[in-house]
Amino acid sequence: MQLIFHDDLVELHDTQLNTNISIDFVSGALAHRHQFGGGRGQAIAKAVGLKSGNNPSVLDVTAGLAGDAFVLATLGCPVTMIERSAILFILIENALERASLSETFTPIIQQGFKAINHDANDYIKEQLLNDSSAPDVIYIDPMYPDRKKSALVKKDMQILQRLHGEDDNSAELLDNALRYARKRVVVKRPVQAEPLSDRKPNTCIKSKKTRYDIYTIEKM
Ligand SMILES: C[S@@+](CC[C@H](N)C(=O)[O-])C[C@H]1O[C@@H](n2cnc3c(N)ncnc32)[C@H](O)[C@@H]1O
């Protein structure tokens, strides 16, 4: 893997797949989803409790390529992303920087769309000492085993998996998230998968391939 720094764009070159990836909020697939993606009616929006008059703050503790966080931010949530991979963090920061130069996206950045390069378990443990910072919602999208198989199809996910490694700390993330979030924890799962850590959610919201397990702490 190699990072390539252009004038304003940072790309990650994967030598094995001979492909480049970058994160682009302003044009491409994410921007298209922003424009045509179903707004607050989509499952992820319902899962975090977005309603008119309620834009919960979200801590996305598994930022990855920032797709889910971007959807929530464009729908009005103040979103903080945490990503422990320094390489992915550089791609995220670069996407935020480019978005901040676009008139359409400046307000989204200003409403509090930002990223932190940290291990989320350590971050939450540090923040627990100062719980005035607690977000309404913590969002977890672990690298589940089924994702590893389907990653053979999707290049982006294959690259993410290699950067992520085999260290699955999602059970600990759920434990810590439940101690820290004010209102709910949302875990993204494949529709047929067992709940994370076999811990039954209070409720779930399903789309075609994905299920969002919701652990309620306080009603919204
Ligand atoms: C499946 S991906 C998330 C994909 C993301 N939802 C998206 O839309 O692109 C999981 C990401 O979580 C990150 N991750 C896993 N454990 C973490 C931790 N303890 N702290 C911070 N990031 C973590 C991995 O490095 C990986 O990038």
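In each ligand, atom 1 is the first atom listed, and ligand 1 is the first ligand listed.
Heavy-atom proximity to atom 18 (C) of ligand 1, evaluated over A69, S170, A120, A86, is greatest for A120. By heavy-atom distance, the residue among M81, E83, M143 lying nearest atom 26 (C) of ligand 1 is E83.
Between F70 and F105, the angle of the ring planes lies from 30° to 60°, which puts this pair in the tilted group.
A 4.5 Å side-chain heavy-atom check between L50 and N55 finds at least one atom pair inside the cut-off.
A distance of 5.0 Å separates OG of S22 from CG of L9, quoted to the nearest 0.5 Å.
Heavy-atom separations between H118 and ligand 1 include at least one value shorter than 4.0 Å.
In Q192, the CD atom is not crowded: 12 or fewer heavy atoms of neighbouring residues, nucleotides or ligands sit closer than 6.0 Å.
The ligand atoms of ligand 1 that sit less than 4.0 angstrom from a heavy atom of A63 are 5 (C), 7 (C), 9 (O). Residue contact check: L88 has heavy atoms under 4.0 Å from atoms 27 (O) of ligand 1. Those atoms of ligand 1 that come under 4.0 Å of a heavy atom in L65, given as number and element, are 7 (C), 9 (O). For ligand 1, the atoms lying closer than 4.0 Å to a non-hydrogen atom of A66 are 7 (C), 9 (O). Every atom of ligand 1 is numbered from 1 in the order shown, and the set under 4.0 Å from a heavy atom of V61 is 20 (N), 21 (C), 22 (N), 23 (C). Counting the atoms of ligand 1 from 1 in the order shown, those under 4.0 Å from a heavy atom of G67 are 7 (C), 8 (O), 9 (O).
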Exercise for review: Could you walk me through whether H13 and N18 pass side-chain contact (heavy atoms from CB on, under 4.5 Å), step by step?
Suggested key: CA-CA 7 Å; H13 177 70; N18 194 21; 3.4 Å; yes
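Proximity of N169 to ligand 1, defined as any heavy-atom pair under 4.0 Å, is confined to the side chain (atoms from C-beta onward).
Heavy-atom minimum distance, C204 versus D213: CB-OD1, 3.5 Å.
Residues meeting the side-chain hydrogen bond (donor to acceptor under 3.5 Å, both in side chains) test with E126, sequence neighbours left out: H118.
Within the 3.5 Å criterion, the main-chain N or O of I214 finds no donor-acceptor partner in the side chain of R184.
At least one N/O-N/O distance between R84 and ligand 1 falls below 3.5 Å.
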